[in-house]
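Data first, discussion second: the structure below is written as structure tokens.
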Amino acid sequence: MPRQDRHPQPSSRPSPAAAARLSRRALLAAGALALLAACRGGSAGSATDSTPVSRGSQSPAARPSPAGAASPQPTSPATAPGTPPASGPQVFYQWGFAADPISHDFNANRYCGGEPELWAGLLTLTPDFEPVADWAEAWSTSPDGLTWTFRLRPNNRGWSNGDPVTAHDFVWSWQRKLNPETAAPDAPLLYDIVGAREIHTAGAPPEALGARAADDWTLDVDLTGPSPRFLVIIASVAGFPAHRPSVERHGDRWTEAGNCVSNGPFILTRWERGVAFEIARNPNYWDAARVALDRCITPILPLDQGLAPYDDRQVDYIAVPRPDLPVVRNSPNLSRQLGRAVEAAVWCLIPQVTMPPFDDLRVRQAISRAIDRERIVQITEGRALGATSLMPVGMPGHFNDAEIVQIQQFDVDAALALLEDTPFAGGQNWPPLTLTMRQSDSDAELIANDVISQLRENLGLSLSLDILEREDFDAAVRAHEPALIWLRWWFHYPDPHNGYGDLFAPEDPLPRRLAWEDPAYTDLVRRAREESDPAARLDLYRQCEQTLQSAAIYIPVAYPVTWYLFKPWVSGIPTNSRGDWLPRGELFTRMKAHLRIENRPEA
């Protein structure tokens, strides 16, 4: 189910600070036996030697294959044929875990906080969010777009214990996700498949799912209607499989070290609670020959240490804390190691159109025109970009053309002119109003407070800020109680429907978060959701954006930005076509499979 507001925390269990500060040499020694254990297993299978071929670029809003045509895939730039072998020990030290994961079971819990590179679906995503081959080497669709056929790599031994990765694994795993007893939070993402909704919500048997194994290497999937988004959904963590024998043998502990059987680029070799976990290259993965890293060690490190783990070489990359960013930018050495990632999220204002004064279109439009988004970039020191549309920069379907930008162009005089024939002319007579937001990080609160200041300065509108706990915020929004909402929307799959549809026109049984509803807009979303022509689909979503902004149903404010440091000996950092980095995340999940270690200095 699409997520609103912040990233969930991997676990509520605290991490012992004393145990967390391991030296790099200690981590290496602790993991030596685990690496030896990880090297056993079968061969990688015949698919390892195959070279994918390019199929050309498509529009970012929709990338369906031609009816009945197979879909060979491009080679990742980081693993292109002819790449020279990496030099030196290929060990990477990963940052980003302040507490132990709940598990590594993404099939059951998208928010487990585990290691996504243990797993591989039918498809995976490039840094530009194009779906490309993973365990499916080719796929095709019927002329009506209602049936997809995936051809898996035959005769493989891709699970880390040597079991083959088959079509049966995906059928069972998707049935498991949809089983109400699993309580998978993202199960609705599979509702495009025939029978999925009925299994998840109405007690239909698992066999009702329209996914079936024609044989070990052929998976047929029947959809409820044409769905260009289906490929990117199953290429994200929502499509990850689970290893059935391990689940049935070990239950909830099946992803513990020693139990975990995975099918991705890496395998779990060690997990010392509160200290670190370690993964090693999976020799059975179909593309193992192009994965440079031998191991990745992830220490559990409290976030309050700032840049110390990076300075001490406990980790090879780190997100730069807000107070340290000016220092890093002014450092001759660190500034060369700095890069940004635009998050797959948008921060926006949601006025409830059924509640005064936001039931007046002129008031909503005035608020949109009274926000200087460049000022937000300045006060955050580049930790946010001014938002022009719902889809973030670098995401498929991002709009930044002049016609759309003009709708919310900052202009105080134009904003005040909109109020002239309202009770609030000249910025007077505003009633007491509140901006409601969910408890969040300091940057979100900083921006929300600046928006409040701007509206007071530019429109005379005084807002108090009400920060609610997660449960209270969610309940208030679903009850349509707040008059003005500060919403942080994180995308669950890289397709415009996850915003225009799932947020503003959700399908039953997804709850409607907003009181606003427009049948004409809902029809636009439905048409866009099923449109197979990429250009036509993109134009429909552009019409959705124009509808929302012209009526000020939402007011785009910012796209969050994270700044990272990577050590100079780390190469192959995944980068999209805009030049932005894509480190570990929920959409692009192949950072470590791209990385190489070159000339790491001795400790």
Side-chain angles (χ1 to χ4, degrees), residues 7 9-11 13-35 38 86 88-101 104 113-118 257 266 268-281 292-325 327-328 331 333-339 341 562-574 581 583-585 591-592 594-603:
H7 289 292
Q9 295 300 314
S11 171
R13 294 187 294 270
S15 171
R21 291 188 58 82
L22 296 177
S23 69
R24 184 169 64 87
R25 197 177 293 273
L27 287 167
L28 269 170
L33 293 177
L35 177 60
Q90 292 298 298
V91 182
F92 179 69
Y93 297 87
Q94 177 173 236
W95 172 87
F97 287 78
D100 285 299
H104 299 280
E115 176 51 71
E117 293 195 59
L118 296 173
F266 296 92
L268 181 66
T269 56
R270 181 173 65 97
W271 187 359
E272 188 176 352
R273 297 282 181 172
V275 179
F277 67 85
E278 182 173 342
I279 61 176
R281 181 171 46 184
L293 295 183
D294 295 314
R295 284 192 291 158
C296 171
I297 299 172
T298 302
I300 309 301
L301 298 170
L303 294 177
D304 60 9
Q305 294 185 15
L307 289 180
Y310 188 79
D311 294 337
D312 296 344
R313 291 177 56 184
Q314 292 176 267
V315 294
D316 288 328
Y317 87 110
I318 199 167
V320 181
R322 174 182 166 189
D324 296 314
L325 189 54
V327 175
V328 169
S331 166
N333 290 327
L334 291 178
S335 61
R336 292 196 295 268
Q337 302 167 27
L338 185 67
T562 303
W563 291 87
Y564 289 92
L565 289 168
F566 272 84
K567 291 295 187 182
W569 49 80
V570 179
S571 62
I573 302 168
W581 285 347
R584 179 183 180 272
M591 178 184 78
K592 291 178 286 297
H594 281 63
L595 298 181
R596 296 153 55 87
I597 305 300
E598 302 285 354
N599 303 313
R600 183 198 298 273
E602 292 295 325

- Query: Under the side-chain hydrogen bond (donor to acceptor under 3.5 Å, both in side chains) test, which residues partner Thr562, sequence neighbours left out?
  - Reply: Glu343
- Contacts of Glu117 meeting side-chain hydrogen bond (donor to acceptor under 3.5 Å, both in side chains) (sequence neighbours excluded), chain-then-number -> Lys592
- Query: Can you check side-chain contact (heavy atoms from CB on, under 4.5 Å) on Ile279 and Thr269, steps first, answer last?
  - Reply: CA-CA 5 Å; Ile279 61 176; Thr269 56; 5.6 Å; no
- Message: Run the side-chain contact (heavy atoms from CB on, under 4.5 Å) test on Arg295 and Arg270 for me, step by step, so that the C-alpha distance in whole Å, both residues' side-chain angles and the decisive distance to 0.1 Å come before the verdict.
- Response: CA-CA 11 Å; Arg295 284 192 291 158; Arg270 181 173 65 97; over 6 Å; no
Hey, could you give me the [atom1]/[atom2] distance between [X] and [Y], rounded to the nearest 0.5 Å?
X: Leu293; Y: His594; atom1: CG; atom2: NE2; answer: 11.5 Å
X: Glu278; Y: Ile297; atom1: CD; atom2: CD1; answer: 4.5 Å
X: Asp316; Y: Gln337; atom1: CG; atom2: CD; answer: 10.5 Å
X: Tyr93; Y: Arg600; atom1: OH; atom2: CZ; answer: 5.5 Å
X: Trp271; Y: His104; atom1: CH2; atom2: NE2; answer: 4.0 Å
X: Arg322; Y: Trp563; atom1: CZ; atom2: CH2; answer: 16.0 Å

- Message: My understanding is that only residues two or more places apart in sequence, or in another chain, count here; which of them pass side chain to side chain contact (heavy atoms under 4.5 Å, CB included) with Ser331?
- Response: Asn333, Leu334
- Would you please name every residue forming a side chain to side chain contact (heavy atoms under 4.5 Å, CB included) with Pro321, sequence neighbours left out? Leu307, Pro323, Asp324
Return the minimal non-hydrogen interatomic distance between [X] and [Y], and the atom names on each side.
X: Ala98; Y: Leu303; value: CB-CG, 3.7 Å
X: Cys296; Y: Gln94; value: SG-CB, 3.6 Å
X: Ala292; Y: Arg281; value: O-NH1, 4.1 Å

- Evaluate the side-chain proximity of Ile573 to Leu595: yes if any heavy-atom separation is below 4.5 Å, no if none is. yes
- Measure the shortest side-chain to side-chain distance between Glu115 and Pro101 over non-hydrogen atoms and say whether it is less than 4.5 angstrom. no
- Message: Parallel, tilted or perpendicular, judged at 30° and 60°: which one describes the rings of Trp95 and Tyr317?
- Response: perpendicular
- Task: For Tyr310, enumerate each residue passing the ring-ring contact (aromatic ring centres under 6.0 Å, His included) test, keeping only those at least two apart in sequence or located in another chain.
- Result: none
- ring-ring contact (aromatic ring centres under 6.0 Å, His included) involving Trp581 - partner list, sequence neighbours excluded: Phe566
- Message: Tell me whether Asp294 contacts the main-chain N or O of Val91 through its side chain, where contact means a donor paired with an acceptor under 3.5 Å.
- Response: no
- Query: Taking it one step at a time, do Val570 and Ile597 satisfy side-chain contact (heavy atoms from CB on, under 4.5 Å)?
  - Reply: CA-CA 5 Å; Val570 179; Ile597 305 300; 4.1 Å; yes
